[in-house]
2 protein chains.
Amino acid sequence: MSCAEEYTPQLRARGYRMTSQRLAILHVLHHSGKHLTPSQVYEKASRKLGGLTETTVYRTLEFLAENGLARPAHMGNGHFVYEIARHEHHHLKCRICGDEMEVKHALLEKLYRKLESASGYRLTDSHVTFFGLCPNCQKGE
Amino acid sequence: MSCAEEYTPQLRARGYRMTSQRLAILHVLHHSGKHLTPSQVYEKASRKLGGLTETTVYRTLEFLAENGLARPAHMGNGHFVYEIARHEHHHLKCRICGDEMEVKHALLEKLYRKLESASGYRLTDSHVTFFGLCPNCQKGE
DNA sequence: TATGTTATTGCAAAAAGTTGCAATAAGGAG
DNA sequence: CTCCTTATTGCAACTTTTTGCAATAACATA
């Protein structure tokens, strides 16, 4: 299934329009499969779609995140990176070498329930990044 | 105990210097007790210390965070806010009204142990922000 | 108390991200 | 297929954050 076929109905269903810009950006996220910074997205997407502006990239990434097609993640420097939305997961990142691994959401379920009953909040967010030292960097300490 | 008396030895112990800029910024964080953005810190601190630059504020906040005197927190918009380092805690923030509450670190201890044994990482970071809907905003849904 | 070392700051310029508004184009209706 | 509405984009100006480098000042030592 092409990106257009996959994502257009999702936008339409919410009353939004599919545009060449959104498609190009979704395409980049979809096929990269990794976290990308806005400027990485801009760089890749504008190769396919000349005339794309960085403003649009910023706005589109935020838009896609709000509508569940992309996930924003903090990667420790206070800035966002984005990835295509797949299964819910979190990240664990090494403070020293930057190595990064996925954490299944299931591991957090208990905590989420505990927080909800303690606070009365309903937790909505699917992305948390934890920081630590990876096994390798622990040796070098 | 004054800010100078409290924080100077902590910097010295690590081989760093106390400066009027660092003191002014620590003073602001210490007495505000809340999260502040870099520009809020700049605004308050430069009232006490004319000539302070924003560059220095950014650099100092990062420096203080690295050395455990301040804590950075993601507050959901991709930017950092800072607060003076007290006990370890986390935050739970409402996506709608922005209301914010503290989460005791003890609640995360089990999860941290679980993550460590599952990953081999040693978790170092003390700040995580969770997002959800506060009891009030859940009603209005 | 004066001196030397070097951590720290300020400045200027660049990079990254945001905002308002007029022009454009997606896509429903005729 | 054409027209109309309005969501979306691009532009330009602006705000926020980062970086390199020379000048400054903290403080250890004598």
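Going from atom CG of B:Leu49 over to atom C1' of D:dT24 covers 14 Å, rounded to whole Å. One atom, CZ of A:Phe80, and another, C1' of D:dT16, lie 15 Å apart when rounded to the nearest Å. Atom CZ of A:Arg14 is separated from atom P of C:dG27 by 16 Å (rounded to the nearest Å). A straight line from CD of A:Glu54 to P of D:dT8 spans 21 Å, rounded to a whole angstrom. At whole-Å resolution of the value, CZ in A:Phe63 and C1' in C:dG17 are 20 Å apart. Rounded to whole Å, the distance from OH on A:Tyr42 to C1' on C:dA16 is 13 Å. Rounded to an integer number of Å, the gap from B:Leu23 CG to D:dA26 P is 11 Å. We find that CD of B:Glu66 is positioned 14 Å from C1' of C:dT8, with the value rounded to whole Å.
Taking only side-chain atoms of A:Tyr58, from C-beta outward, the nucleotide of D:dT5, C:dT18, C:dC11 with the closest atom is C:dT18. Minimum atom distance to the side chain of A:Arg17 is reached by C:dA26, of the listed D:dC11, D:dG20, C:dA26. Comparing atom distances between the A:Arg22 side chain and each of D:dC27, D:dT8, C:dC11 picks out D:dT8 as nearest. Distances were taken from every side-chain heavy atom of A:His79 (C-beta onward) to each of C:dA25, C:dT9, D:dT18; the shortest belongs to D:dT18.
Nucleic acid contact for B:Arg12: sugar-phosphate only, since backbone atoms but no base atoms lie under 4.0 Å from a heavy atom of the residue. A:Thr55 comes within 4.0 angstrom of a base, heavy atoms only. Heavy atoms of B:Gly15 sit nowhere under 4.0 angstrom from any nucleic acid atom.
Looking only at distances, a side-chain donor or acceptor of A:Lys114 sits under 3.5 Å from a matching main-chain atom of B:Leu107. At distances below 3.5 Å, not a single donor-acceptor pair connects side-chain atoms of A:Glu88 with backbone N or O atoms of A:His127.
Ring orientation note: the planes of A:His89 and A:His91 are nearly perpendicular, at an angle over 60° on the 30°/60° scale.
Residues A:His105 and A:Tyr112 bring no donor and acceptor atom of their side chains to less than 3.5 Å of each other.
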Criterion salt bridge (charged side-chain N to carboxylate O under 4.0 Å, His left out) on A:Glu116 and A:Arg113, from CA distance to verdict: CA-CA 5 Å; A:Glu116 287 184 334; A:Arg113 298 292 86 75; 3.2 Å; yes

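Nearest-nucleotide positions on DNA chain D for B:Thr19 and B:Ser39 put B:Ser39 closer to the 5' end. Residue-to-nucleotide proximity on DNA chain C shows that, of B:Asn77 and A:Ser20, the 5′-proximal contact is made by B:Asn77.
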